[in-house]
Amino acid sequence: MPIYFADQTLCLDLDGDVALLTLNRPEKRNALNKAMWEALPQAIEAVARNDGAKVLVLTGAGGHFAAGADISEFESVYATRDSTQAYFASVARGMDAVADLAKPVIAQIAGACVGGGMGLALCCDLRLASADAKLGITPGKLGLMYSLADTKRLVDAVGASSAKDMLMTGRILPAPEAHAIRLVDEVHAAEDLARAVAEKAGAIAKASQWSARKTKAIIALILQGVPADTPQTEAWLLDAVEGADFIEGRDAFLAKRAPVFPFR
């Protein structure tokens with residue numbers, strides 16, 4: 001049974017190992033309004049609390065991922081400096097909720113993935129796109145700028161030069177070019193995208209979730225500039241060897257059978 005948030009503009013399905021969170025404003029190409037940004041942390045917390053969900057797939061309804069922030073709200077949310085600051089805080093909380101989820105997150109990108117939609121996709125661990133997807137971040141066309149956190153996620157993905165090109169021109173990239181600069185990780189024919197995402201999510205779900213979550217945490221530390229092991233990461237290395245997932249993985253390897261990892 002799906003769980004709805006923000007007047008049904010976010011739809012969360014927690015059935016099975018792979019949770020599905022759908023941006024559900026197809027009539028607006030899933031443009032993200034303030035209510036959606038505010039509800040994202042609630043939806044992500046529901047995924048975090050659910051022991052059955054190993055992987056989250058984030059997608060959009062109606063053939064588009066998200067066309068960006070809802071520009072029709074700009075006059076009200078940017079009415080004053082205080083309202084602007086409150087809106088930016090809501091967006092940041094929504095972005096951070098996705099980026100900080102301990103479980104792996106895959107963006108399933110079709111159609112438009114622009115502005116805030118692209119920013120949200122960059123919060124995901126992997127991005128798989130359809131061949132006809134169009135991707136970009138367009139502050140240069142609106143006289144705006146992106147926050148340091150949002151810009152860093154873009155730079156982490158594509159490097160400084162490509163990030164400058166995208167942000168300064170505001171141009172929209174076709175999926176093959178987005179793949180060439182590593183803005184997306186894979187490109188598939190539109191009719192094959194859902195299958196490819198399901199296969200990727202299934203492969204992650206079959207692997208050790210302890211390993212997946214600690215890998216995500218380690219890479220986050222690297223991207224924050226941590227250059228060497230810390231007492232915490234050293235403890236994780238020792239915890240791994242003592243953990244139930246390693247014992248199961250080792251025993252399964254020796255017995256020549258598929259492992260069934262207990263960590264959820």
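As the structure is a computational prediction, the values presented were derived from the model and not from experiment.
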Which heavy atom of F263 sits nearest to which heavy atom of W210, and what is that distance?
CD2-N, 3.4 Å
Look at the side chain of R29 and the backbone N and O of P26, then say whether any donor-acceptor pair between them is shorter than 3.5 Å.
no
Decide yes or no on side-chain contact (heavy atoms from CB on, under 4.5 Å) for T233 and I218, but give the supporting numbers first.
CA-CA 8 Å; T233 64; I218 286 280; 3.6 Å; yes
Could you state whether I172 and V187 fall into the same hydrophobic cluster, counting links through intermediate Ile, Leu, Val, Met, Phe, Trp or Tyr residues with side-chain heavy atoms under 4.5 angstrom apart?
no
Taking side chain as C-beta onward, heavy atoms only, is D245 less than 4.5 Å from P262?
yes
Report the hydrophobic cluster partners of V18, with the cluster defined as I, L, V, M, F, W, Y residues connected by side-chain heavy atoms closer than 4.5 angstrom, directly or transitively.
L20, V55, V57, I106, L126, L128, L193, V197, I204
For a side-chain contact (heavy atoms from CB on, under 4.5 Å) check, start with the C-alpha distance between L32 and D70, then their side-chain angles and the critical distance, and finish with the verdict.
CA-CA 5 Å; L32 292 137; D70 188 348; over 6 Å; no
R182/D156 under salt bridge (charged side-chain N to carboxylate O under 4.0 Å, His left out): CA gap, chis, key distance, verdict:
CA-CA 10 Å; R182 305 305 297 173; D156 287 342; over 6 Å; no
Looking at D239, I'd like to know if its CG atom is crowded, meaning that more than 12 non-hydrogen atoms belonging to other residues, nucleotides or ligands lie closer than 6.0 Å.
yes
Name each donor-acceptor pair under 3.5 Å that joins a side chain in residues 131-145 to protein atoms two or more places apart or in another chain, with its distance.
from : atom 1 : to   : atom 2 : distance (Å)
D132 : OD1    : S130 : OG     : 2.6
K141 : NZ     : G170 : O      : 3.4

Check whether the side chains of T22 and N24 place a donor and an acceptor atom closer than 3.5 Å, and report yes or no.
no
Lys/Arg N to Asp/Glu carboxylate O, D125 vs K216, below 4.0 Å:
yes
If you compare all heavy atoms of A46 against all heavy atoms of L12, which two are closest, and at what distance to 0.1 Å?
CB-CD2, 3.7 Å
Residues, nucleotides or ligands: over 12 heavy atoms within 6.0 Å of L148 CG:
no
Salt-bridged, D165 to R171, with N to O below 4.0 Å?
yes
T84 versus V77: any side-chain heavy-atom pair under 4.5 Å?
no
Under 6.0 Å from the CD atom of E27, do we count more than 12 heavy atoms belonging to anything else shown?
yes
Is the backbone of L223 close enough, under 3.5 Å, to the side chain of K152 for a donor and an acceptor to pair up by distance?
yes
Checking K206 now: which residues fulfil side-chain hydrogen bond (donor to acceptor under 3.5 Å, both in side chains) with it, not counting sequence neighbours?
none
Run the side-chain contact (heavy atoms from CB on, under 4.5 Å) test on L58 and Q108 for me, step by step, so that the C-alpha distance in whole Å, both residues' side-chain angles and the decisive distance to 0.1 Å come before the verdict.
CA-CA 6 Å; L58 180 58; Q108 179 176 318; over 6 Å; no
With the side chain counted from C-beta on, respond yes when L237 and D229 share a heavy-atom pair under 4.5 Å apart, and no when they do not.
yes
State, to 0.1 Å, how close A6 and A35 come at their nearest heavy-atom pair, and which atoms those are.
CB-O, 3.6 Å
Does any N or O in the side chain of S83 come within less than 3.5 Å of the main-chain N or O of T80, such that one atom is a donor and the other an acceptor?
yes
Holding to side-chain contact (heavy atoms from CB on, under 4.5 Å), I want the full list of residues that pass it with K103, two or more places apart in sequence or in another chain.
V47, A53, L101, R213
Roughly how far, to the nearest 0.5 Å, is the CZ atom of F261 from the NZ atom of K54?
9.5 Å
Could you report the tightest heavy-atom contact between Y87 and A69, atom names first, then the distance?
OH-CB, 3.6 Å
Do any N or O atoms from the side chain of Q209 and from the backbone of A207 form a donor-acceptor pair under 3.5 angstrom?
yes
Would R153 and D150 pass as an ion pair if we require N to O under 4.0 Å?
yes
Given the rule that I, L, V, M, F, W and Y join up when any side-chain heavy atoms are under 4.5 Å apart, are V114 and L120 in one cluster?
no
Could you give the side-chain donor-acceptor pairs of residues 36-43 under 3.5 Å, partners two or more places apart or in another chain?
from : atom 1 : to  : atom 2 : distance (Å)
E38  : OE2    : K34 : NZ     : 2.5

Count I, L, V, M, F, W, Y as connected when their side-chain heavy atoms are under 4.5 Å apart, and connections chain through other members. Are L154 and F88 then in the same cluster?
yes
Does a sphere of radius 6.0 Å around CD in E75 hold more than 12 heavy atoms from other residues, nucleotides or ligands, not counting ones at 6.0 Å or beyond?
no
What's the spacing between L221 CG and T230 OG1 if we round to 0.5 Å?
6.5 Å
Kindly indicate, with the supporting measurements, whether the criterion side-chain hydrogen bond (donor to acceptor under 3.5 Å, both in side chains) is fulfilled by E186 and H188.
CA-CA 7 Å; E186 297 179 16; H188 298 272; 2.7 Å; yes
Minimum heavy-atom distance between A121 and F65, given as atom pair plus value:
CB-CE2, 4.0 Å
Apply side-chain contact (heavy atoms from CB on, under 4.5 Å) to I109 and T59, showing your working.
CA-CA 6 Å; I109 301 169; T59 190; over 6 Å; no
Among the clusters formed by ILVMFWY side chains lying less than 4.5 Å apart, do V226 and I222 turn up in the same one?
yes
Between H179 (side chain only) and V184 (backbone N and O only), is there a donor and an acceptor less than 3.5 Å apart?
no
Roughly how far apart are D96 CG and C123 SG, rounded to 0.5 Å?
7.0 Å
Would you confirm whether R25, through its side chain, and T9, through its main-chain N or O, come within 3.5 Å as a donor-acceptor pair?
no
Could you tell me whether R257 atom CZ has more than 12 heavy atoms of other residues or ligands within 6.0 Å of it?
yes
Nearest 0.5 Å, what's the CG-CG distance between L183 and L122?
6.0 Å
When hydrophobic residues are tied together by side-chain contacts of less than 4.5 Å, even through go-betweens, does L23 share a cluster with Y4?
no
Kindly say whether A61 contributes a backbone atom to a donor-acceptor pair with the side chain of N30 at under 3.5 angstrom?
yes
Side chains of R127 and M118: does their closest heavy-atom pair fall under 4.5 Å?
yes
On a heavy-atom basis, the closest approach of V158 and A163 is CG2-N, 3.6 Å
List the residues meeting side-chain contact (heavy atoms from CB on, under 4.5 Å) with S211, not counting sequence neighbours, and say none if there are none.
S208
When you measure from the side chain of R264 to the backbone N and O of G52, does any donor-acceptor pair fall under 3.5 Å?
yes
